[in-house]
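To start, the structure under review is shown below, and the notes come after it.
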Amino acid sequence: MLDVQILRNDLENVTTKLTERRNFTLDIDAFVTLESERKTVQSDTEALQAQRNSISKEIGHAKKSGDEQKASQLMARVGEFADRLKSNEEKLGDIQAKIYDLLSEIPNVPNDSVPIGKTEDDNVEVKKVGVPRNYDFKPQDHVDLGEKLGALDFERATKITGSRFSLMMGGVARLHRALAQYMLDTHTSRHGYTEVYTPYLVNADSLFGTGQLPKFEEDLFSIPLSDDQNFYLIPTAEVPVTNIYRGEILSINQLPTKFVCHTPCFRSEAGSYGRDTRGMIRQHQFDKVELVQFAHPDHSYDQLEELTGQAESILIDLEIPFRTVTLCTGDMGFSSAKTYDIEVWLPGQNAYREISSCSNFEDFQARRMQTRFRAGKNKTEFVHTLNGSGLAVGRTLIAVLENYQLQDGSIEIPQVLKSYMGGVEVIEPS
RNA sequence: GGAGAGUUGGCCGAGCGGCUGAAGGCGCUCCCCUGCUAAGGGAGUAUAGGGUUUAUAGCCCUAUCGAGGGUUCGAAUCCCUCACUCUCCGCCA
């Protein structure tokens, strides 16, 4: 959420940036009207409240000294404007709620270092690591590989639940687990993250905090609790982990705090019908190891570089080619101020595909969550939050299957995973 | 699921219709005293919003004692709903 003060003081500049960079048109007239209304109603209301408070105090004194007549005179005076006060208070509440609603639907303003653009074609490559292998056979994609291994079964997954779910068995299921374990171990022992385990169902406040609500409810799976309350399946560990400190004031020496968390993620994928329907690229359920940081505002961009590098290191260890791009303004998520995507090479698709997204949200989420730190004596300031996939486990699995395939369709195990595979060196058809 | 007790500032804890934005203690900050690992004295110490101001400070005002609603001239204090915590019983991995 943007700071309402910025809109009050610098409306032109912000709306221009939102239009140019986000293709988001803020209803300036609505905002200005609401604001000026708010101003007069608030002043009036508070003046009346002050008057009521001081008269009430006098009533107290009068009663104490036994002057009942004076007391009832004073009460009558309050009665003269009681209705006006009440309606003013209601009106003010309405206006403030409207302003809040307006504000909570405005996306974050991209950082100045973010390239301007409309679509993913305008993203800027910042790094390319590794060279795609030359196969002396036609590489298969993970669907063919997995099915021939008898280890990936989309038909049965569809029978059990429906489309966009997957069933893994045997060596591939174990490889999937090995990847998650390897990522967790790397980020905790080498990169200094604290491992956390969180609920997979969250409430609406948490989703508001990280920015999925109120605008993106249709992307979530929800479980009704009562007429007006839902639990939601987490679309990413970002939600429960970032909300760990919702409503809290951290001490400055807690910054940066770094958490890593392995969870399943659930996404309804509404609006992406027909895209990536083959295989397990785009699923309703997938595992992800997520990195989350709470940073001091002065250092959050350094932290973003660090975090992105830590995510990349997993692919470097696995010796799989990838590239990193800076998302252009038009391709960024709602809450982000700057995002790097890491794209892994998939021989089966002959393309680089997103495997991680690393973002600095600056104080956008922190303001929604009211997560602050004590910057000095009696001064609190919003923290900056960051997160990134380190990495999406399902897509990493795809990358390993496709990049490590042998001519006969069996899969070599990457060196760093061997100790997690209980001696298995190659996954062969069962 | 049943029965009961709670939820107050960074922490502990008092208050149970008016003089309470909130006693007291701890912690923290500053000052004084003390020639010294200690002790004593004093002052300060919530957040958000609005107004005033070129702006900061200051000053004025408003809101906030789990959340929301109600009663009242006036609510931390009374009533209702909800959430959460604790204790005992039941059930359970």
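Throughout, a chain's letter reflects where its sequence line sits, starting with A, and its residues are numbered from 1.
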Identify, between A/D3 and A/Q51, the residue whose nearest nucleotide on RNA chain B lies closer to the 5' end. A/D3

Regarding A/R38, tell me which of base, sugar-phosphate or nothing describes its non-hydrogen contacts under 4.0 Å with the strands shown. sugar-phosphate

Using a 4.0 Å heavy-atom cut-off, does A/Q5 contact any base of the nucleic acid, only the sugar-phosphate backbone, or nothing at all? sugar-phosphate

For RNA chain B, stems built from three or more consecutive Watson-Crick or G-U wobble pairs below 3.5 Å: B:1-7 with B:83-89, B:10-12 with B:24-26, B:27-32 with B:40-45, B:46-52 with B:58-64, B:66-70 with B:78-82

From CD of A/E58 across to P of B/C73 the rounded distance in Å is 16 Å

Only pairs under 3.5 Å count here: list side-chain donor-acceptor contacts from residues 388-398 of chain A, not counting sequence neighbours, and write none if there are none.
from	atom 1	to	atom 2	distance (Å)
A/S389	OG	A/S357	N	3.1
A/R395	NE	A/I281	O	3.0
A/R395	NH1	A/E354	O	2.8
A/R395	NH2	A/I281	O	3.0
A/T396	OG1	A/A392	O	2.6

Could you note down all residue pairs passing ring-ring contact (aromatic ring centres under 6.0 Å, His included) where residues 7-65 of chain A supplies at least one of them, sequence neighbours left out? none

Selection residues 157-178 of chain A - residue pairs positive for ring-ring contact (aromatic ring centres under 6.0 Å, His included), sequence neighbours left out: A/F165-A/H284

Does A/T385 form a side-chain hydrogen bond (donor to acceptor under 3.5 Å, both in side chains) with A/Q293? I'd like the steps, not just the answer. CA-CA 6 Å; A/T385 58; A/Q293 292 200 15; over 6 Å; no

Qualifying residues under ring-ring contact (aromatic ring centres under 6.0 Å, His included), relative to A/F231, sequence neighbours excluded: none

Is the shortest heavy-atom distance from the side chain of A/P256 to the side chain of A/H296 under 4.5 Å? no

Pull out every protein N or O sitting under 3.5 Å from an N or O of nucleotides 53-61 of chain B, one pair per line with the distance.
none

Atom pairs and distances, donor-acceptor, side-chain atoms in residues 70-81 of chain A, under 3.5 Å, two or more places apart:
from	atom 1	to	atom 2	distance (Å)
A/S72	OG	A/E68	O	3.2
A/S72	OG	A/Q69	O	3.0

List the residues meeting salt bridge (charged side-chain N to carboxylate O under 4.0 Å, His left out) with A/D276, not counting sequence neighbours, and say none if there are none. A/R282, A/R353

Dump every N/O contact between nucleotides 78-84 of chain B and the protein below 3.5 Å, one line per pair.
none

Return the residues of residues 83-108 of chain A meeting this criterion: a heavy atom under 4.0 Å from some atom of RNA chain B. Order them by number, or give none. none

List every contact pair, protein side and nucleotides 15-18 of chain B side both N or O, where the distance is under 3.5 Å.
from	atom 1	to	atom 2	distance (Å)
B/G18	N2	A/S56	O	2.8

Applied to residues 196-224 of chain A, the side chain to side chain donor-acceptor pair (under 3.5 Å) test, sequence neighbours excluded, yields A/N203-A/S206, A/S206-A/R246, A/T210-A/Q212, A/E217-A/Y232

